Each structure stands twice: as structure tokens, then as C-alpha cells.
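Everything numeric here is computed off the predicted structure, so don't read it as measured data.
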Amino acid sequence: MEQKEEVTPQSLEVRVIEALKQIYDPEIPVNIYDLGLVYKIEVDDDLSVHIVMTLTTPNCPEVESLPEEVMSLVQGLNGVKQVEVNLTFDPPWSQENLSEEARLELGLL
């Protein structure tokens with residue numbers, strides 16, 4: 001019989017990051033995590049997930065759909081009790097937020 005792995009805040013945070021790397025900005029061929037759109041991920045002891053994210057610009061056409069996609073995907077992860085996604089534009093996103101992997105992918109290195 002297979003033993004279920006215990007879900008901890010730390011293991012859940014790793015899975016949240018993996019999930020966010022599956023969501024791509026439709027205008028830039030890079031996932032939203034490596035793009036630097038995710039400012040903060042917090043997982044409480046009760047396995048509630050709080051995400052603070054931004055978009056490349058305040059008038060991005062994905063202003064409503066991208067946060068909804070994040071919420072839906074994370075809510076579907078095993079062990080997640082609740083998800084809160086807060087959208088902020090302070091500080092504004094810039095290319096400085098790109099991971100090294102994203103810079104390489106976009107030819108900026």
C-alpha cells in the first residue's frame with residue numbers, strides 16, 4: 001500500500017512554484033514565475049496560500065484572467081485549503097524581475 005506524503009507549508013510552497021511555472025504570459029514566451037510577476041508566496045500552517053503578483057503593465061489585457069488562472073491552478077493542488085491572490089502594481093514590474101533563465105530565453109544575456 002502506498003503511503004501518502006504529508007503536506008507541509010514548505011512542500012506545498014515548492015509545488016505552488018512548480019504550478020506557477022506552467023502558466024505563461026500570452027505576450028512573452030516565459031512562465032509568470034521566471035518572468036518575475038510573482039512577488040510573494042506565503043503558505044500558512046493551515047495550508048492557506050497567499051500570493052502577491054503583478055502584471056507587466058497595469059493595462060495588460062490579462063488583468064482579470066491571469067490572476068484567476070493562478071487562483072484556479074493553485075486551488076487545485078492537493079492539500080491547499082484556500083487561495084488568495086492579490087494583484088499589485090507597486091513596485092511596477094521591470095526587466096530586473098526576470099530570472100536568469102528568462103533572460104537567457106529572451107536573449108537578454
Side-chain angles (χ1 to χ4, degrees):
M1 190 165 152
E2 191 175 323
Q3 190 175 1
K4 273 194 166 180
E5 188 179 320
E6 182 185 349
V7 179
T8 65
Q10 294 79 12
S11 69
L12 187 54
E13 183 176 348
V14 169
R15 291 198 354 259
V16 167
I17 291 169
E18 288 171 0
L20 294 176
K21 287 185 173 190
Q22 297 173 24
I23 301 174
Y24 282 75
D25 183 296
E27 297 174 339
I28 305 170
V30 175
N31 71 69
I32 64 169
Y33 189 81
D34 287 329
L35 199 53
L37 297 181
V38 179
Y39 286 165
K40 184 161 75 172
I41 299 169
E42 285 183 357
V43 181
D44 296 341
D45 289 339
D46 72 350
L47 304 179
S48 293
V49 179
H50 307 276
I51 298 172
V52 177
M53 65 176 290
T54 192
L55 300 172
T56 52
T57 64
N59 54 356
C60 172
E62 301 298 316
V63 72
E64 294 199 12
S65 62
L66 209 50
E68 285 293 323
E69 186 177 354
V70 167
M71 181 176 278
S72 176
L73 185 64
V74 173
Q75 186 66 58
L77 295 175
N78 181 41
V80 172
K81 298 292 184 243
Q82 181 180 333
V83 180
E84 178 184 22
V85 177
N86 291 314
L87 192 60
T88 185
F89 294 100
D90 185 26
W93 180 86
S94 76
Q95 285 190 8
E96 301 296 312
N97 298 37
L98 292 168
S99 71
E100 203 168 303
E101 187 177 305
R103 290 174 196 266
L104 189 60
E105 202 167 313
L106 294 171
L108 299 174
L109 281 181

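The salt bridge (Lys or Arg N to Asp or Glu O under 4.0 Å) analysis of residues 76-94, with sequence neighbours excluded, yields no pairs. The side-chain hydrogen bond (donor to acceptor under 3.5 Å, both in side chains) pairs that include a residue from residues 11-21 are Thr8-Ser11, where partners are two or more places apart or lie in different chains.
Between atom CG of residue Leu37 and atom CD1 of residue Ile51 there is a gap of 12.0 Å, rounded to the nearest 0.5 Å.
With sequence neighbours excluded, the residues satisfying side chain to side chain donor-acceptor pair (under 3.5 Å) with Asp46 are Ser48. For Glu68, the side chain to side chain donor-acceptor pair (under 3.5 Å) test picks out no residue, with sequence neighbours left out. For the side chain to side chain contact (heavy atoms under 4.5 Å, CB included) test, residues two or more places apart in sequence or in another chain that qualify with Tyr24 are Asn31. Under the side chain to side chain contact (heavy atoms under 4.5 Å, CB included) criterion, Ser72 pairs with no residue, sequence neighbours left out. Not counting sequence neighbours, Asn86 has no partner by the side chain to side chain donor-acceptor pair (under 3.5 Å) test. Every residue meeting the side chain to side chain contact (heavy atoms under 4.5 Å, CB included) condition with Pro9, not counting sequence neighbours, appears here in chain and number order: Val43, Asp45, Leu47. Residues passing the side chain to side chain contact (heavy atoms under 4.5 Å, CB included) test with Glu69, sequence neighbours excluded: Ile23, Leu66. Looking at residues two or more places apart in sequence or on another chain, you find no salt bridge (charged side-chain N to carboxylate O under 4.0 Å, His left out) involving Glu101.
Listed here is the closest heavy atom pair of Asn97 and Tyr39: ND2-CE2, 3.2 Å. For the residue pair Phe89 and Thr54, the shortest heavy atom distance occurs at CD2-OG1, 3.5 Å.
Checking Leu87, Leu20, Ile41 one by one against Met53, the side chain to side chain contact (heavy atoms under 4.5 Å, CB included) holds for a single residue, Leu87.
The cluster map of Ile, Leu, Val, Met, Phe, Trp and Tyr, joined by side-chain heavy atoms under 4.5 Å apart, puts Val85 and Ile17 in the same cluster.
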How far apart are the C-alpha atoms of Val30 and Asp25, what are their side-chain angles, what is the distance that settles it, and do they pass the side chain to side chain contact (heavy atoms under 4.5 Å, CB included) test? CA-CA 6 Å; Val30 175; Asp25 183 296; over 6 Å; no
